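The structure displayed is predicted, hence computed values, not measured ones. Positions are given from 1 along the sequence.
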Amino acid sequence: MTYESQKSVAQVTETLQPEVSIVIPCLNEENSIGIVVEKAKRAIEMMGVSGEVIVADNGSTDRSVEIALSKGARVVHVAQKGYGNALRGGIEAARGRIIVIGDADDSYDFLEAPKLVEKIREGYDLVVGSRFKGRILPGAMPWTSKIGNPIMTFTLNLLFKVNTSDSQSGMRAFTKEAYRKMQLQATGMEFASEMLIKAGKAKLRIAEVPITLHPDKRGRPPHLRPIRD
């Protein structure tokens, strides 16, 4: 294939509407963002679909943006601080019909994303990756979350009938249509809970798949403050 034809194929591929957008919120994750973007791109290849990887950068001061770009991600800069703001900015910029979200610290393995997308293709609107139905590797979850997460999950299930085993999981897939129906407003870590509450109120079809939680590779203090959040 000549250079001109290769360039033409690349231009056509770039203009195709992606089916899947993987959105990764990021704030100073230079230790792991390269690994995470590579996994996300491999997941898209495994699914055999057109896709894109979006890093929603929330004001990183390290090399996160540089590394993400070098690995082939599309970087969206989100000025408003907060986990929810970063995700909403990335999701709004996504072009795919199906959105997959997960953290930039490699605690969620994007190579498991095809399992979530498959459930969406079966007709579900929102799919949650459940760590409690899957595996939590040693050192991957602090004791505060092991206690607090089941309490939050029980409360949400009781009040909003969402029937989930892991209400605070950060790895999820949903359709862009479902996202619009939920009309999410959360700016911080409450994004995860609001999504389930709004999904329950909108009577969206919710499913779960088991996933594995890994010790993170962030190399910095966590952004999460369990009691406050």
Report task. Treating Ile, Leu, Val, Met, Phe, Trp and Tyr as nodes and any side-chain heavy-atom pair under 4.5 angstrom as an edge, say whether Phe132 and Val209 lie in one connected cluster. Result -> yes

Requested in this report: Go through the side-chain N and O atoms of Ser145 and Gln168 and say whether any donor and acceptor fall under 3.5 Å apart.
Outcome: no

Query raised in the report: Should Arg172 and Val127 count as side-chain neighbours, where that means a heavy-atom distance under 4.5 Å?
Result: no

Query raised in the report: With a 4.5 Å limit on heavy-atom distance, are the side chains of Asn28 and Thr61 in contact?
Result: yes

Requested in this report: For Glu122, look at atom CD and say whether over 12 heavy atoms of other residues, nucleotides or ligands are found less than 6.0 Å away.
Outcome: yes

**Report entry** Closest contact, heavy atoms only, Val100 versus Ala173
**Finding:** CG2-CB, 4.1 Å

**Report entry** Any side-chain heavy-atom pair of Val53 and Val23 under 4.5 Å
**Finding:** no

Query raised in the report: Does the side chain of Asp166 come under 3.5 Å of the side chain of Asn149 through a donor N or O and an acceptor N or O?
Result: yes

Query raised in the report: Taking atom CZ of Arg121 as the centre, does the number of heavy atoms from other residues, nucleotides or ligands within less than 6.0 Å exceed 12?
Result: yes

Query raised in the report: Who are the side chain to side chain contact (heavy atoms under 4.5 Å, CB included) partners of Pro210, not counting sequence neighbours?
Result: Lys133

Query raised in the report: Looking just at side-chain N and O atoms, do Glu208 and Ser165 make a donor-acceptor pair shorter than 3.5 Å?
Result: yes

Query raised in the report: Given the rule that I, L, V, M, F, W and Y join up when any side-chain heavy atoms are under 4.5 Å apart, are Phe174 and Val128 in one cluster?
Result: yes

Report task. Check whether any side-chain N or O of Lys161 sits under 3.5 Å from a backbone N or O of Leu156 as a donor-acceptor pair, and report yes or no. Result -> no

**Report entry** Heavy-atom donor-acceptor pair, Ser107 side chain to His214 backbone, under 3.5 Å
**Finding:** no

Query raised in the report: Which pairs with one or both residues in residues 54-68 pass salt bridge (charged side-chain N to carboxylate O under 4.0 Å, His left out), sequence neighbours excluded?
Result: Arg63-Glu66

Requested in this report: State whether a side-chain donor-acceptor pair under 3.5 Å links Glu29 with Ser60.
Outcome: no

Query raised in the report: Are Ser193 and Met152 side-chain neighbours, meaning at least one heavy-atom pair lies under 4.5 Å?
Result: yes

Query raised in the report: Do the side chains of Lys217 and Asp105 get nearer than 4.5 Å, heavy atoms only?
Result: no

Query raised in the report: Asp109 versus Thr212: any side-chain heavy-atom pair under 4.5 Å?
Result: no

Query raised in the report: Does a sphere of radius 6.0 Å around NZ in Lys81 hold more than 12 heavy atoms from other residues, nucleotides or ligands, not counting ones at 6.0 Å or beyond?
Result: yes

**Report entry** Non-neighbouring partners of Glu38 that pass salt bridge (Lys or Arg N to Asp or Glu O under 4.0 Å), sequence neighbours left out
**Finding:** Lys71

Query raised in the report: Going from CD1 on Ile33 to CD1 on Ile24, what distance comes out if it is rounded to the nearest 0.5 angstrom?
Result: 5.0 Å

Requested in this report: Sort out for me which residue in Lys41, Arg97, Arg95 forms a salt bridge (Lys or Arg N to Asp or Glu O under 4.0 Å) with Glu52.
Outcome: Arg95

**Report entry** Single-linkage hydrophobic cluster Tyr124~Ile101, side-chain heavy atoms < 4.5 angstrom
**Finding:** no

Query - Check: Asn163 main-chain N/O paired with Asn157 side-chain donor or acceptor under 3.5 Å - result: yes

Requested in this report: Indicate if Met47 and Phe110 have the same hydrophobic cluster label, given that clusters are the connected sets of ILVMFWY residues with side-chain heavy-atom separations under 4.5 angstrom.
Outcome: yes

Query raised in the report: So Glu92 and Arg88, salt bridge (Lys or Arg N to Asp or Glu O under 4.0 Å) or not? Walk me through it.
Result: CA-CA 6 Å; Glu92 290 294 340; Arg88 286 166 48 212; over 6 Å; no

Requested in this report: For Thr187 and Gly82, indicate whether the former's side chain and the latter's backbone hold a donor-acceptor pair under 3.5 Å.
Outcome: no

Requested in this report: Using a strict cut-off of less than 4.0 Å between a Lys/Arg side-chain nitrogen and an Asp/Glu carboxylate oxygen, indicate whether Lys39 and Asp106 qualify as a salt bridge.
Outcome: yes

Query - Plane angle bin for Phe191 and Tyr83 - parallel if under 30°, tilted between 30 and 60°, otherwise perpendicular - result: perpendicular

**Report entry** Cluster check Val20, Ile211: I/L/V/M/F/W/Y, side chain < 4.5 angstrom
**Finding:** yes

**Report entry** Verdict with supporting geometry, Glu118 and Lys115, salt bridge (Lys or Arg N to Asp or Glu O under 4.0 Å)
**Finding:** CA-CA 5 Å; Glu118 184 58 36; Lys115 297 190 296 186; over 6 Å; no

